[in-house]
Structure formats: C-alpha cells, structure tokens
Protein chains: 2
Amino acid sequence: MKARRPSPDDQHLTEQLGATGLRLTPQRQQVYDVLVHKRDHPTAEEVFIRAKKQMPEISHATVYNCLDALVKSGLARPVTVDRGATRFCPNMHEHGHCHCDACGMVFDVALPANLPGVALPAGFKLKRYEVALHGTCAECAPQK
Amino acid sequence: MKARRPSPDDQHLTEQLGATGLRLTPQRQQVYDVLVHKRDHPTAEEVFIRAKKQMPEISHATVYNCLDALVKSGLARPVTVDRGATRFCPNMHEHGHCHCDACGMVFDVALPANLPGVALPAGFKLKRYEVALHGTCAECAPQK
DNA sequence: AACCGATTTAGAATTATTCTAAATCTTGAC
DNA sequence: GTCAAGATTTAGAATAATTCTAAATCGGTT
C-alpha cells in the first residue's frame, strides 16, 4: 500500500460525512482506509499506528476525532468487548462480536433476526444494540 | 440500614466464594449487600461510596478487589454498556441490559431463549454473552 | 488577499483501573 | 493458646485510554 488512490468509496464517505455536517478530509479518509483495509477490529491506538505509516504527521487526537466523526456519520461502529480500549469496525451490517478471552481476537458473527423482540421497558426507544459473545477460539481452546 | 445482620444469603456467599478458593470477609459481604440492596447497576465508584456509609474505613482498592472476587465466584456480573466505568449487577439470571443514552439509566431485560443459536466460528467455545441495548428511556424520550 | 469556521495538532488533564508494598487478619499445626 | 503461612486489606503510586485545550492550519468564501 502506498499513496492514497481515490476509490469508489470516496463518494460514499463524502455523502455520509456531509449528511452529518462534516467534511471528508485526508485524515478521515486515511482512518477509514485503515479500518476497511484490515478488518480485525483495531483499537484507536492500533489505528493510529497503522495510519502513521501512510501519514506520519497524523496525531493521536486526530485519530480519535476521525473515528468519532466516522461513528457519528454511520461509517463505523465502536465495539466494546472487554474493558480496555474500544475497538472499531467498518461493518455496518447488523452483527454481533465474538471475542476470544485468551488471545483477544474478535470475529463478526451473524445474529438471529428476532433479537429486537425482547421485552423493552415501556416507552423505551431502541436505537441500536450490541451483542458480545465471550469464550475461547479454536486456536486457544484448552487442548487436552 | 445499620449494622450488618447475618442474612440467609450469607451461606450462599460462603459457598460460592469457597468454591473459588476465597473466603467470605466483612468487606466482600458489605460490597455484595450494596449490590443487592439497590439494583441500579452501580459503578465501582458508586459501590465504594455506598459501602463507605456502613464501613467508613473500606478502601477503593478493596472495592475493586471484592467486586472482582464476586464476579469470579459467580455472584455478580460486570456490565459494560458504554465506554466509561464498568457497572455491576447481582442478577445472575440470563438477561440483557437496556441503557438510556440520555440519562444513563440501566434496566435488566429478559432475552429470547435462542440467542446462543448464532453461527459461531468453528471450534469456538462460548462461555458467556452480553447483550446491550441502547436508546432513550420513556423519561428522556424527545417529547414532541 | 484577508477572513471565517472547521479541522488538526501537541501536550496537558481526566477518568477508570491496576499495581505495589506494607500492615492486618485467619486458620491450621503444634 | 501461640505461631507461622497465606490471604486480605489498605493507601497511594502507576498505568491506560480517552478527552480537553489552546494554538496553528486549512479550505472555501468575500
């Protein structure tokens, strides 16, 4: 990967950000590129490290700002599987996260369609939900 | 509420802690009492403040230690609805958490029985899962 | 060419949590 | 009962993740 080449997504980015009153900046594009390039649910710190490879002068705070802008514009989701750093995911389809407590790996998992059928408190207006599954992945399974 | 009076739960506490190789101490009992007394999903800090009313000399670190002991022994669950302090819940039945993004209130909600039916990655061994629902509660609903 | 608001930047500040080392308590062996 | 061993508590320091702040910069007008 070298210099940034405009992709078909740019249009999408501009639109989504614009709808939230935000601009598409090189930093926001870079941060978004990092997310889609390797979809391993990186933390803000990891995004920062990866983004710096292409854009060495980008700052820590900017990465947080950009991630926040992407989340607000519906281009990424924050994922909190464990206490510790929030992770980010550009997969905006409805899905849950499966987390290996041993190695920390996070996988996307499809969800049954009927989740929203839970009995909510009266008058509660559901906006989004998050499903976190915890356990041990095949690699880390306590091999007998 | 004044001095701690032995309750029927004490037996249960001793057993559960014992099974994990831990003892029932006055501090652990106090912290557990705080959790069951007001089940509003307090943070460690809130538990600390409430516990101090009965036990003024209890320390911050002890509250964290006790909460950790309770979680390890299956007497409480950590709940992470948002970034920010972890909350604690003594309801060990399977349930999800409904969180009002406006006022921060957390409600327990019953879950459909079929959640575990999701397609997990091959070899993944599920231990527990957490469902967090976000939205606005009746009180905070944008009243038209 | 100067201006305005949005954005980025570096670093300080804050928040939540964990760590550390010493003091204290408990329990079983004698 | 007394003592040593190990568990637990304590205060405060240390760490990790994130947010805040104020100044510099940028992009698109007037």
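In what follows, chains carry the letters A, B, and so on, assigned in the order in which the sequence lines appear, proteins first and then strands, with residues in each chain numbered from 1.
Heavy atoms from other residues, nucleotides or ligands lying under 6.0 Å from CE of M105(A) number 12 at most.
Note: H60(A) and F48(A) have parallel aromatic rings, judged against thresholds of 30 and 60 degrees for the angle between ring planes.
Judged by distance alone, with hydrogens and angles left aside, the side-chain atoms of H134(B) form a donor-acceptor pair with the main-chain N or O of V81(B) at under 3.5 Å. In this structure a side-chain-to-backbone donor-acceptor pair under 3.5 Å is present from R28(B) to R23(B).
Straight-line distance from the CD atom of E46(A) to the C1' atom of dA17(D): 13 Å, rounded to whole Å. R87(B) places its CZ atom 16 Å from the C1' atom of dT17(C), with the value rounded to the nearest Å.
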What does the B/S/- profile of nucleotides 5-16 of chain C look like, 5' to 3', with a 4.0 Å heavy-atom cutoff to protein? BSSBBBB----S

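Using a 4.5 Å heavy-atom threshold, the side chains of H97(A) and V131(A) count as separate.
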